[in-house]
Structures are given as structure tokens and as C-alpha cells.
There are 2 protein chains.
Amino acid sequence: MPAPDLYRARMKAASRARTNSPAPFPQAAGSNCSAHNCHSCDVRSLSLCDALADSELSRLDRITRRHRTPAGATLIREGDPMTFACNITSGTVRLSRLLHDGRRQVMGFLFPGDFIGLTRRNRFVFSAEAITDTDCCNFALEDLETLSKDNPRLQRKLYEMACSELDAAQEQMLLLGRKSALERVASFLLEVRQRQLQQGDDEDCIILPMTRGDIADYLGLTLETVSRSFSRLRQEQVIEICETYRVDLLDCPRLQDLSGNS
Amino acid sequence: MPAPDLYRARMKAASRARTNSPAPFPQAAGSNCSAHNCHSCDVRSLSLCDALADSELSRLDRITRRHRTPAGATLIREGDPMTFACNITSGTVRLSRLLHDGRRQVMGFLFPGDFIGLTRRNRFVFSAEAITDTDCCNFALEDLETLSKDNPRLQRKLYEMACSELDAAQEQMLLLGRKSALERVASFLLEVRQRQLQQGDDEDCIILPMTRGDIADYLGLTLETVSRSFSRLRQEQVIEICETYRVDLLDCPRLQDLSGNS
DNA sequence: ATATTCTTCTGATCCAGATCAATGCGTCCA
DNA sequence: TGGACGCATTGATCTGGATCAGAAGAATAT
């Protein structure tokens, strides 16, 4: 995504929030927004669907509902009944949870290939909001269960995804429990870099579609502290802030040191 | 466990740490410490093994190695290769991770029925230490994989356990990222209560086998702050500290309010 | 153009919780 | 029996990051 678009997307998102327009999701069955099918899917190798052989894909195709969610709109509201799971195929999504008085914890940012639905709760405890325009495939939970029941590879893949998420969550617990502000921000930049390498963007230039406030709520800080940490990393020549939402990692080894991961 | 024993166990643990005696784990095959088998297992219904029918238990029995770990000894060291998984059958275990400069994050406390091994890493990134004398069953990872390969219920159970862990980890991320000290301590007490209800101890009197320092490292606080929070809850008649490691929850609704979970 | 909105950045001040320090209690061991 | 040790509690002080308060940039709306 070209850089100026990102800013525009953010603005659109903000304006949508202002006018409080209804979230376009979930939509009625059949209202597919992007010409797309499982066989030609860009992110199949990154996602759940990687567990299915070509021959099984048509069965998946039949239970899939595809949706486009514009930037700023809500995919899932905290408290919604957990009736479907969801696979992000393009865009960036923010998962967040609120405390009664408005304090917010961002549980994670989702990129193409990421999956929502690894939980045993019967309601979503977080909301999912599109940071940029987002495409996703969702499956009724019962369909997915039927499918996984006679597909051990799919069941196994779900297990592996849950374990990976768990590894990441434990990393985040260490960060939130014991790291300083600068360590958190350094860790975050390296995490985003790692994610973008997986996506095939192999530059040391990372794109941050989320705001400083989003980052702060992910790292258990305030946006001012995040901003100051960015500035300090810039002053120390560890990063260059090309644009607000685009950062060059000039010195990754140093960033690694600063991240606290020995 | 009667209360005074707990104090003694802690002392033993401390003395073991002092004299730096070697961890008695992993032991050679066959060195079973407790007379115990899968069919008569107390915690089967709480654990992984619940997924297996009676008829399949003997197969599990054959790949199981049982160990007793005395209080204060180490079950797993950070960095050990992940060659086995482990099921706690009695006792309490602390999982913790260290930052290079000694800062510690306790990732969780394990009770009977809890499982270690839901990860995709090939090395343990945390250490596991027995807080009280602990019995566990462990399985070579490859045995477990063989078993789960032709046992969909076991595979499914592993998936569900990973999802439960993930739900808990997200709860903890909210706590570590956004809750105040008092909210953290209140949440912790309620969490322990919940765990002890599962174990069948249905009193509003909870046992805390871990030290204030352990609790602090679990909650991202210092032990002084934890101690002060306990004192404040006592002053406000929300809890009664019967003994250091035994707490009565006098007013659970109030504790719930104070925990920040609306 | 100009006003407006959203966001970031930076400086000044404040405070919750960390750190430092002292006391007491229970257990172990010589 | 006394001293050492581990742990918990409480008080005094300090500080990293929160909060409060502008200023300025970037884009949209008019």
C-alpha cells in the first residue's frame, strides 16, 4: 500500500467513527465483496487453509463467506456471540479489549493470514476493528467443526496455530510485566519487522498502519511515552522516521540490544 | 495440605536453592517415585488424559514416566531442549522467565491437571520450579505425537487446552497492560479461588503456596506493592489474612469490583 | 484559500509504584 | 538456646512514565 493512502485511510476511519456509521459486518450470506476463491488465494500458505489439500479446497470454498471491511469499521464487537471464525486475507486489524472505565488494551494486530477464533469462550471478549481496508473469509463455527472433525490435518493445524499464539502471548506478558518503555517500543519494532518479513516484505523499512495511540495501548504505555521513545531512538540513530507511519530500522543489532532480549 | 507443612516446604525449597543441589529431573526411565497409574489417577478428569477412553489408557501408561520433584527443585530449565511434555498430578509449579539482568516474569502457576508443552518452540523459554513437592507424568514428545496422530480426540483435547491457555494469557495481558496494583492483586485472588474451586476445594478460603515475591513477579509488581495491596484489602475487610499463605475472601462481590472486571 | 479535524511531538508537572531501609516473626541448625 | 536465614510488613524517599497542556503538521471539507 502506498504511503499517502495510509494516512487517507486513517482519516476515513476517524470520520466513520465520528459519524457513527454502522459497521458493515457481519453481512448477509452471499454478499461477497472481492472476487476471490480459495484456489487463487494469496495468503493460503500463511493461513489455516494451508492444512487442506487442493482437492479439499472446494469443500472449504463452499463454507466460506468473504467480506470487505472499510478502514475504521468494526468486524467484531466485544460481547458478540462467537458463531464464526475469521481469516484475514488483506489489510490490518486491531484486536482490543476495554475495561469498564475506558482503559484499553490492544491484544494484537492481525495481518494477512492471521486467524480469529482460537478461543473456548462462547462470546468474543475483544473487538476487532479494521485499521486499513480489510478483506476476510469467515466460516460458521459449526461448519469449521464439521470440517475439522474428519480432517486431522486441519485439526492439527488449528492446534499449531493456537500454540504459536500462545508463544507470542507469553512474549507479550514478559514485555508488559517487566520491560521498560524503550524496551517495549524496540521489541515492538522488531516484532513488526518479523511479521513483515513473513509477509515477504524484506526491507528494513517497516510500515506502521496503526496510530501511536494504538501502539501505546498494545504496549501498556501512553501515546506520549511511545512518541518520546520513537524520538529517542531517532536521536540515537537507531531508527529513522521517514514518515509518521513508515520507519527505517537503521541498526537492528542495537535495536535488539535495546529490546531487552539479551 | 495442612498449613504448617507449607511453611516448612518453603524453607526446604530455600535451603535447596542455597546449597545449590542438583535438580532431580529429568530422571532415568523407570525411576517412578509415586505408586500411581493412569487408571487410578486422581486428576485424570482435569487433564489431557481425559480425552482417552479407559481402553486407551494402558497405551498411555506405557509411554508415561512419573516423577516426584521436591519443593524448590527445578523441573525444567530455561533453554532445555523441548523433548518431553509434562502433566502435573500433584503440587504447585511456577513457570518463570528471566531477562538478562535478572528481572523475572512469572508466566503462571500450575496446579494438578495442568500441562506443560503447548508450544511450537524446540526449547523451553521458561523454567519450571516446584513450589511444593510435585508429582508429574511426562511423555516423550515423539510418543505423544504418535499417540495423537491416530487419536483425534486427543488432538482435539490438546487444541482445546491451548485455546484455554490463550484465553487466560489474554486476560493476563489486560491485567499487566492496564490494571492498577490493587486491581491486579484482587484479580489474582479471584483467579486462585477459581482454580481451587476447579480442584474441588470449595471454600472461600484460599491457599497461596507461592511467596509474595512470586505473586509480584506474576503481576508485574514488586513484593512490597503486593504486600501493601494485601494489607489494604485486609483493612477494608475484603479479605482476612489468616496466615501468610492462607487468605479468607470475606467479600467476593467487592473483590470482583476491585478487580476491574466491571 | 481557510477552517476543521485528527494526530504527533514536546515541555511541565504529578503520582503510583519502585526502591531503599528497618523491624519482626517463624524456622532451622549448631 | 541463640543466632542466622528467609520472608512479610511497613515507612521514607525517589523516579519512570502518566497526565496536563500547548504547538505544529497533514489531510479533508467548504
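In this structure the side chain of A:E183 never reaches within 4.5 angstrom of the side chain of A:S259, judged on heavy atoms. Looking only at side-chain heavy atoms (C-beta outward), A:I116 and A:L110 come within less than 4.5 Å of each other.
As rounded to whole Å, 10 Å separates atom P of C:dT19 from atom CG of B:L223. Atom C1' of nucleotide D:dC7 and atom CD1 of B:I215 are separated by 12 Å, given to the nearest angstrom. Summarising the geometry, the separation between CZ on A:R212 and C1' on C:dC9 is reported as 10 Å, rounded to the nearest angstrom. Counting to the nearest Å, the P atom of C:dT8 and the CE atom of A:M210 are 11 Å from each other. Atom CZ in A:R246 sits roughly 18 Å away from atom C1' in C:dT7 (whole-Å rounding). The nearest whole Å value for the distance from the OH atom in A:Y245 to the P atom in D:dA26 is 9 Å. Whole-Å rounding puts the A:E243 CD to D:dA24 C1' distance at 17 Å. B:I241 places its CD1 atom 15 Å from the C1' atom of C:dC25, with the value rounded to the nearest Å.
Applying the salt bridge (charged side-chain N to carboxylate O under 4.0 Å, His left out) test between A:D217 and each of A:R94, A:R97, A:R184, A:R104 identifies A:R104 as the sole match. Of the candidates A:D214, A:V192, A:L95, A:F109 forms a side-chain contact (heavy atoms from CB on, under 4.5 Å) with just one, namely A:D214.
The number of heavy-atom neighbours closer than 6.0 Å to CZ of B:R103, taken from other residues, nucleotides and ligands shown, is above 12. Within a 6.0 Å sphere centred on CZ of A:R195, heavy atoms belonging to other residues, nucleotides or ligands number more than 12.
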**Request:** Tell me, with the steps shown, if B:D167 and A:T119 meet side chain to side chain donor-acceptor pair (under 3.5 Å).
**Result:** CA-CA 6 Å; B:D167 288 334; A:T119 172; 2.7 Å; yes
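Rounded to the nearest 0.5 angstrom, B:S231 OG and B:E236 CD are separated by 11.5 Å.
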**Prompt:** How would nucleotides 12-19 of chain D be written as a contact map, 5' to 3', with B for base contact, S for sugar-phosphate-only contact and - for no contact, using protein heavy atoms under 4.0 Å?
**Reply:** B----SSB
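An OP1 or OP2 oxygen of D:dT10 is reached within less than 4.0 angstrom by a side-chain nitrogen or oxygen of B:R234.
Against DNA chain D, the stretch residues 95-104 of chain A makes no heavy-atom approach under 4.0 Å.
Among the protein residues, A:S231 comes within range of the sugar-phosphate backbone only, with heavy atoms under 4.0 Å from sugar or phosphate atoms but none that close to a base.
Seen from the ring of B:F230, B:R212 counts as a face-on cation partner, given the 6.0 Å and 45° thresholds.
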